[in-house]
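Here's the structure, in structure tokens; my notes come after.
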Amino acid sequence: MKSFQEAVKARRTIYKLGRNIPVLQAEIIAAVERMTKDIPTAFNMQSARIVVTMLDHHENVWDITKSALKKIVPADKFAATEAKIDGFAAAYGTILFFESSNMIKAMQDQFPLYKDNFPGWAMQANGMLQFAIWTALEDLGLGVNLQHYNPLIDEDIKKIFDLPDSWDLVAQMVFGEKLEDAPPIEKIPTGSRVKIFREV
């Protein structure tokens, strides 16, 4: 296994994914459950909800997405959209990230002084969870990309997986066998983003 900093550096967006994955389903599930348990949340809110879909269930996610997009994308432009969605469907699985609006509301009621902060804190924690799971999957040798077709697909996703109305879809994390390497990416010099004040 890589060190934490090495794993973070190796975590990149991979779009071309397949199904010949180098790990067992149980290892993926264990990583998702471990990160979901251990990532911190404001006031220990724990409002994130996760659905892990693989193979046929994963394909259902992208069938729903394709159908929803077909209703709004002009016919003469749909071929490119369909090819993109088919690329996601060709992967091994998709992790669906949600927020429980009921949990957020309960925290707002319990701590009214911070009522306006809880939705933002929930999204911050969800982002940390997405990052942690993404990095854990990379450490298992999987390729990953992150998509956001919500709220377009929310209702159909809830229906097919029998999820509560209070679960609000936030992101869709596609994972599978790496069929390509991530291209080089330009980074802004850290000196323009990080300011240090220290005693010398």
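Numbering of residues begins at 1 and proceeds along the displayed sequence.
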With a 4.5 Å cut-off on side-chain heavy atoms, are W167 and F161 touching?
no
Quick one: are N126 and Q130 in side-chain contact, heavy atoms under 4.5 Å?
yes
What's the spacing between [X] [atom1] and [Y] [atom2] if we round to 0.5 Å?
| X | Y | atom1 | atom2 | result |
| --- | --- | --- | --- | --- |
| I157 | I64 | CD1 | CD1 | 4.0 Å |
| L96 | I153 | CG | CD1 | 7.0 Å |
| D116 | Q108 | CG | CD | 7.5 Å |
| T65 | L152 | OG1 | CG | 7.5 Å |
| T94 | N145 | OG1 | CG | 8.5 Å |
| Q124 | L129 | CD | CG | 14.0 Å |

Quick one: do [X] and [Y] make a salt bridge, cutoff under 4.0 Å?
| X | Y | result |
| --- | --- | --- |
| K178 | E138 | yes |
| D86 | K66 | yes |
| K105 | D109 | yes |

With F98 as reference, evaluate D168, L163, V170 under the side-chain contact (heavy atoms from CB on, under 4.5 Å) test and give the passing residue.
L163
In V174, L179, V144, the residue satisfying side-chain contact (heavy atoms from CB on, under 4.5 Å) with L17 is V174
Begin with the C-alpha distance, continue with both residues' side-chain angles, and end with the deciding distance and a verdict on side chain to side chain contact (heavy atoms under 4.5 Å, CB included) for E33 and I29.
CA-CA 6 Å; E33 290 180 338; I29 294 167; 3.7 Å; yes
What class does the angle between the rings of Y92 and F175 fall in, given that below 30° is parallel, 30 to 60° is tilted and above 60° is perpendicular?
tilted
What class does the angle between the rings of W121 and F43 fall in, given that below 30° is parallel, 30 to 60° is tilted and above 60° is perpendicular?
parallel
Can you give me the closest heavy-atom contact between R11 and T135, atom names plus distance?
CD-OG1, 3.8 Å
Ignoring hydrogens and geometry beyond distance, is a side-chain donor-acceptor pair present between E99 and S47 at under 3.5 Å?
yes
Side chain to side chain contact (heavy atoms under 4.5 Å, CB included) for E155 and K158? Distances and angles first, verdict last.
CA-CA 5 Å; E155 294 310 311; K158 290 178 189 179; 3.8 Å; yes
